[in-house]
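A short write-up of the structure that comes next.
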Amino acid sequence: MTQIAEVIVDVPTMQTNTPYSYEIPSALVDQLQPGMRVVVPFGNGSRKVQGFVWQVKPDAKPDPDVILKAIDTVMDPAPIVNAELMQLSDWLAHTTYAFTITCLQTMLPNALKAKYQKWARPTEQLANDIRQQLFGNQPELLWDDSLPTDTVKQLLALNRQHLITVRYEVRNQSKVKKVMMIKPAMNVAELTAARSSLRKTAVKQATLLDYLIAHRDTISQPDLEHQLKLSSSSLKTGEVNGWLTRKAVEVYRDPFQTAVVKTKPLKLNPDQDKAVSAICSATDHEQSETFLLEGVTGSGKTEVYLQAMANALSQGKQALMLVPEISLTPQIVGRVRGRFGKQVAVLHSGLSSGERFDEWRRIQRGEAQVVVGARSAVFAPLTHLGVIIVDEEHEGSYKQEDNPRYHARDVALWRGRYHHCPVVLGSATPSLESRARAEKNVYTRLLLPNRVNHQALPQVTIVDMTEELRHHKESNFSSGLLQALQTRLARGEQSLLMLNRRGYSSFVMCRDCGFVLQCPNCDISLTLHMDTKTMKCHYCGHEEPIPHVCPNCHGRHIRYYGTGTQKVEQELTELLPTARVIRMDVDTTRRKGAHERLLKRFGDHQADILLGTQMIAKGLDFPDVTLVGVLNADTALGLPDFRASERTFQLLTQVSGRAGRASKPGQVFIQTYNPDHYAIQLAKTQNYEQFFGREMQLRHRGNYPPYYFAVKLTASDVEERKAAEAMVKIVRQLKTVLSPQAIILGPTPGAIARVNKRYYYQLVIKYKRESQLDSALFKILGQAQKQSRGGLQIAIDRNPMSFM
DNA sequence: AGCACGCCGACT
DNA sequence: GTCGGCGTGCTC
């Protein structure tokens, strides 16, 4: 009786999105478990493919019609995906219309993703001259797309004639870092003897022996080399002579370079105390309750998180804390590490693939009890969760923009249910979805209405820029804001200036004919980058030199338009020549660690003004910042998106909270062309409740989320006609299954109709209850797969963050 | 995805 | 006549 394993193979297509049965070779019976990675032969050529064991069937009756192939090798001694995450991947695949294999790979660190290589080997029958020509003296030839097409053709022909064989290799790219540990292997007397028999010239060896005589402990080779200024060859000599032993030991790459100061729990105010006890009670009673923790900036949410997490740890459980990537700053991580020390693992995009893998392994082995991380950390393999925190739960970056298009908040809620533990959603400006659920008592609402130390909210001034324009020359700075900046400068206080990212691009336009330089691949104008002196496309990365002559009319009156951070910086230095400015944008923060360095410089008072995009609004806490200026509050408002007001309100509220955190009162200037817009007016008074009520009414009237569910479909193709036709067909198909209550928007061309030479068309379905929608969408995906050879791509986004 | 099978044009 | 172009279908 053969044992059968069901395997999810690493072939991400609709047709192969199902477990395949394999025979378990007798050597692996008893060893193979679900969640292990295996190498299996797949397809006609039996090429080797990585797979995940989905299920083991010990007493299967083999179907006589199907001849099963056998599992090749096992890649893991123990499952790397536990039962919970297997279940989660299945749920994810169904709710996001993604392949199970894609979900499994998303949950694991990238280092565990298989690398495939193909090798050609000559047979005995292969003529010697051809062998020499192709292989030289090598036994094998790496067969990949770096080979010239002629060689590929030749290999293909030889393979057909069975004159060569093809070997498929599945490579595990996860590398465990090892360090040599050095230990004296002789006693002091023997070492001293060796020392005295050395020649005078053997200085290095003498140093080494002196060290070994004085120190009997184990030390790592790099440390020793550094300390004694030795090279590895001296140590090898030492090993050969039997003075010492060297042993490779597994180590973790340490992503924390800095030590942290241990902190103690702070005293809670009554509101915080109430919140902490509610969460702790849920942890203690193993209830999967969801809390919405609402508190303005500075109200002490983080302390609530920390104490709720501490409680989970005291119960022998673990804690997971999600933070938006952009606010996963050393400040935040430091606070968590300050409380929990070595038990903390951190997962974020700044880590190298090796560091990430090591942090993940620490978690998997149960060596970390607290995990802090961005979106994908929600898959951290913690097995005894006692509490899950989602900080800034309204943040759009929790939603992944490619497959699987999951929302980390939804995954957190799923895991909370699985572990019977509370999930805390924290925000000063909750998403309407979450706030609405709290209204219906699906979530428990916890309020922190006061700032700790009873700091006053900053004084907010809204500046009408249309009015400004009438009185002054065109400038990014209103007179009020400029004056306020000067005051701070005189007082030695710091200021934050935020430039709304969308619409800030500076483009080049010809004054004679109005020509705007466009990207040849995308329907978007190119952005001017002064640092590299080039025009760049922000969507596909296309780059070209700045034109001096108009490509259209050959006129010489080419001018720069728009407002970029660089231009603002320039104007700022002209207006305030003494001010020291730090600019933070994609250009200055691209390099690893640059973000942190710039923030540190600002924190150390090496600059007076921090100028940047959205990234300066989140998670920063500089006590000497007493002025915040928003240069263009409403670029997002103009966008045809149902979340535009929500985003604007959240951003303004958040950035305003950055002013005046210590004893000094804060001041905020919001420059806008829509001074009467409710999102801006209500951000001025930080009145979330009123904003919520107002916005809910609008959503209700417009049949938008959270009153309706939404699914967004996008079709793209290099041929515009094909994308459009596919969409029309899809609409026709959907109309046959949808109820009359469902609302179809579109199809319309994408907001940027062409990106990277592909044309985009999209469609949004708003609905309340559509029993047949899911199956219809899966069917559409299946059909699209057949056409994908022609280049057509269909993407389905459930609960999209925007309709654009 | 990747590989094999199968049917039509320009070559030894 | 065949070699090889890439259209179609399948992978336990």
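Proteins come first, then strands; the chains are lettered A, B, ... in the order of their sequence lines, and each starts at number 1. Because only heavy atoms are used, hydrogens play no part in the values below, and waters and symmetry mates are left out as well, while side chains stay in. The shown structure was predicted, so the numbers you read here are calculated from the model rather than taken from an experiment.
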Next on the checklist: Does A:Lys118 reach a base, just sugar-phosphate, or nothing at all? Heavy atoms under 4.0 Å.
Outcome noted: sugar-phosphate
Item to check | Rounded distance (Å) that lies between atom C1' of C:dC12 and atom CZ of A:Arg47 | outcome: 14 Å
Checklist entry - Would you say the ring centroid of A:Phe642 lies under 6.0 angstrom from that of A:Phe803? => result yes
Item to check | DNA chain B: 5'-most and 3'-most nucleotides touching chain A, 4.0 angstrom heavy-atom criterion | outcome: B:dA1 to B:dA4
Item to check | A:Glu433: partners by side-chain hydrogen bond (donor to acceptor under 3.5 Å, both in side chains), with sequence neighbours left out | outcome: A:Arg643
Next on the checklist: Rounding to an integer number of Å, can you tell me how far A:Gln154 CD sits from C:dC3 C1'?
Outcome noted: 15 Å
Next on the checklist: Show the nearest heavy-atom pair for residues A:Ala377 and A:Leu320, with the distance to one decimal.
Outcome noted: O-CD1, 3.6 Å
Item to check | Contact under 4.0 Å: A:Lys69 side-chain N or O vs C:dT11 OP1/OP2 | outcome: no
Checklist entry - So which pairs with a foot in residues 10-56 of chain A pass ring pair (Phe, Tyr, Trp, His ring centres under 6.0 Å), sequence neighbours left out? => result A:Tyr20-A:Phe42
Next on the checklist: In whole Å, I'd like the distance from the NZ atom of A:Lys153 to the P atom of C:dG5.
Outcome noted: 5 Å
Next on the checklist: Mind checking if A:Tyr22 touches a base, just sugar-phosphate, or nothing, with heavy atoms under 4.0 Å?
Outcome noted: sugar-phosphate
Checklist entry - Strictly under 6.0 Å, is that where the ring centroids of A:Tyr708 and A:Tyr767 end up? => result no
Item to check | Gap between atoms CG and C1', on A:Asn44 and C:dC10 respectively (whole Å) | outcome: 7 Å
Item to check | Touch class at under 4.0 angstrom, heavy-atom based, for A:Tyr168 against every strand present | outcome: sugar-phosphate
Checklist outcome for this item: From CG of A:Asn17 across to C1' of C:dT11 the rounded distance in Å is 14 Å
Item to check | Smallest separation among heavy atoms of A:Arg47 and A:Tyr168, with atom names | outcome: CB-CE2, 3.2 Å
Checklist entry - Please give, in whole Å, the distance from C:dC12 P to A:Asp72 CG? => result 13 Å
